[in-house]
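To start, the structure itself, in structure tokens.
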Amino acid sequence: MLTSGGDCQALNAAMRGVVKTIMNCSDDVEIYGFLEGYKGLIYGKFKMLTSSDFSGILTKGGTILGSSRVPFKTIREPDANGLDKVEAMKQNYYKLQLDCLVILGGNGTHKTANLLREEGLNIITLPKTIDNDLWGTDMTFGFQSAVDIATNAIDCIHTTAESHGRVFIVEVMGHKVGWLTLNAGMAGGADVILIPEIPYDIDKITEAIQKRADRGSRFTILAVAEGAISKEDAALSKKEYREKQKNNPYPSVSYEVAAKIQEKTGMEVRVTVPGHMQRGGSPCPYDRVFASRLGSEAGRLILEGQYGFMVGYRNREVVRVPLEDVAGKLKSVSPDASIVQEAKALGISFGD
Ligand code: F6P
């Protein structure tokens with residue numbers, strides 16, 4: 001097994017689910033944990049694990065194996081010492097006479113997992129990420145725990161925003177998609193939600209703030225995705241956007257939005273960035289159950305000798321999704337999705 005990419009809550013719960021399911025049916029099993037994601041597989045850093053390693057980890061955040069990012073775009077490039085990384089991973093797999101490799105990861109991780117499948121290795125994957133951006137599954141584990149934390153941040157901001165009559169921005173993670181911001185924003189009662197899939201117009205945002213002020217509200221709360229983008233910037237080519245960013249004085253999009261609101265309305269604006277807190281701490285009960293279920297199904301796949309699947313979740317059912325269908329595809333929020341329309345009907349502005 002290995003855990004790769006940014007960590008999240010319930011990675012340990014998922015691995016425990018795999019191991020418990022297999023050990024429940026067979027004593028004849030050896031489990032190796034590769035350390036720090038694909039690095040462990042490339043450089044042969046691993047440890048043999050026993051059932052006691054999986055005891056007491058259901059509630060533990062992070063990953064007992066450690067994780068790292070090994071970008072897919074560099075996977076075919078030799079390392080600093082000229083080592084062929086893909087060949088090294090295959091050699092370590094064959095040297096240990098593995099039957100199967102269980103890989104827990106998000107988007108980038110799945111591209112490499114699929115490449116290893118194409119290279120002839122037996123692969124099963126589990127979808128982890130707080131971003132919930134993996135195609136082929138309605139939900140990833142880690143997501144609900146992160147929604148809880150981001151919501152709690154918005155809840156805490158609510159009371160101080162109310163006291164001081166300020167505009168507050170809470171910046172939420174989620175990489176290039178808005179699932180986390182949309183859900184935490186709705187759960188926390190944000191008045192404005194900005195997500196990458198719906199580019200914003202700053203004037204629409206100030207209109208929404210003014211409308212609230214006209215109705216007697218002394219404060220406004222914005223949930224802003226770290227990947228949110230203005231209509232103006234969204235219209236640029238990738239190259240033009242990169243060039244523009246070189247002269248961008250703001251540490252993140254929230255600070256830019258804050259400066260513009262302040263300039264246009266004269267209101268006091270504050271920014272809060274919970275950041276990596278959203279990936280930390282204990283998994284919420286939902287994620288503990290969810291990750292255990294997916295892990296259990298991965299265990300069943302191994303017992304059946306069925307490989308080349310990601311264990312996903314669709315229409316409230318645990319499903320087996322062919323890995324080649326998943327790799328390289330992003331699941332983003334559709335601006336036409338019913339949840340977006342419902343949020344708009346509630347009076348939430350998306351700045352569009
Ligand atoms: O993919 C999970 C995630 O937390 C994203 O939401 C965020 O953009 C990114 O990882 C942060 O990455 P890093 O931990 O490398 O700073």
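In listed order, ligands and their atoms are each counted from 1.
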Discussion item. Once ring-ring contact (aromatic ring centres under 6.0 Å, His included) is applied, do any residues pair with F219, and if so which ones, sequence neighbours excluded?
Written reply: H158
Worksheet item: Which residues satisfy the salt bridge (Lys or Arg N to Asp or Glu O under 4.0 Å) test with D99, sequence neighbours excluded?
Response: none
Could you go through ligand 1 and list every pair where one of its N or O atoms sits under 3.5 Å from a protein N or O, giving the atom names and the distance to one decimal?
{"unit_1": "ligand 1", "atom_1": "1 (O)", "unit_2": "D131", "atom_2": "OD2", "d": "2.7"}
{"unit_1": "ligand 1", "atom_1": "4 (O)", "unit_2": "R279", "atom_2": "NH1", "d": "3.0"}
{"unit_1": "ligand 1", "atom_1": "6 (O)", "unit_2": "D131", "atom_2": "OD1", "d": "2.7"}
{"unit_1": "ligand 1", "atom_1": "6 (O)", "unit_2": "G174", "atom_2": "N", "d": "3.1"}
{"unit_1": "ligand 1", "atom_1": "6 (O)", "unit_2": "E226", "atom_2": "OE2", "d": "3.4"}
{"unit_1": "ligand 1", "atom_1": "8 (O)", "unit_2": "E226", "atom_2": "OE2", "d": "2.5"}
{"unit_1": "ligand 1", "atom_1": "10 (O)", "unit_2": "R69", "atom_2": "NH2", "d": "3.0"}
{"unit_1": "ligand 1", "atom_1": "10 (O)", "unit_2": "R279", "atom_2": "NH1", "d": "3.1"}
{"unit_1": "ligand 1", "atom_1": "12 (O)", "unit_2": "R69", "atom_2": "NH2", "d": "2.9"}
{"unit_1": "ligand 1", "atom_1": "14 (O)", "unit_2": "H276", "atom_2": "NE2", "d": "3.0"}
{"unit_1": "ligand 1", "atom_1": "14 (O)", "unit_2": "R279", "atom_2": "NH1", "d": "2.7"}
{"unit_1": "ligand 1", "atom_1": "14 (O)", "unit_2": "R279", "atom_2": "NH2", "d": "3.1"}
{"unit_1": "ligand 1", "atom_1": "15 (O)", "unit_2": "R69", "atom_2": "NE", "d": "3.0"}
{"unit_1": "ligand 1", "atom_1": "15 (O)", "unit_2": "R69", "atom_2": "NH2", "d": "3.3"}
{"unit_1": "ligand 1", "atom_1": "16 (O)", "unit_2": "H276", "atom_2": "NE2", "d": "3.1"}

Fill in: Within 6.0 angstrom of K20 NZ, more than 12 heavy atoms from elsewhere
no
Discussion item. Does K244 form a salt bridge (charged side-chain N to carboxylate O under 4.0 Å, His left out) with D233? I'd like the steps, not just the answer.
Written reply: CA-CA 9 Å; K244 190 176 169 194; D233 286 350; 2.5 Å; yes
Worksheet item: What pairs with K111 under side chain to side chain contact (heavy atoms under 4.5 Å, CB included), at least two apart in sequence or on another chain?
Response: F72
Discussion item. For F350 together with Y200, are the ring centres under 6.0 Å from each other?
Written reply: no
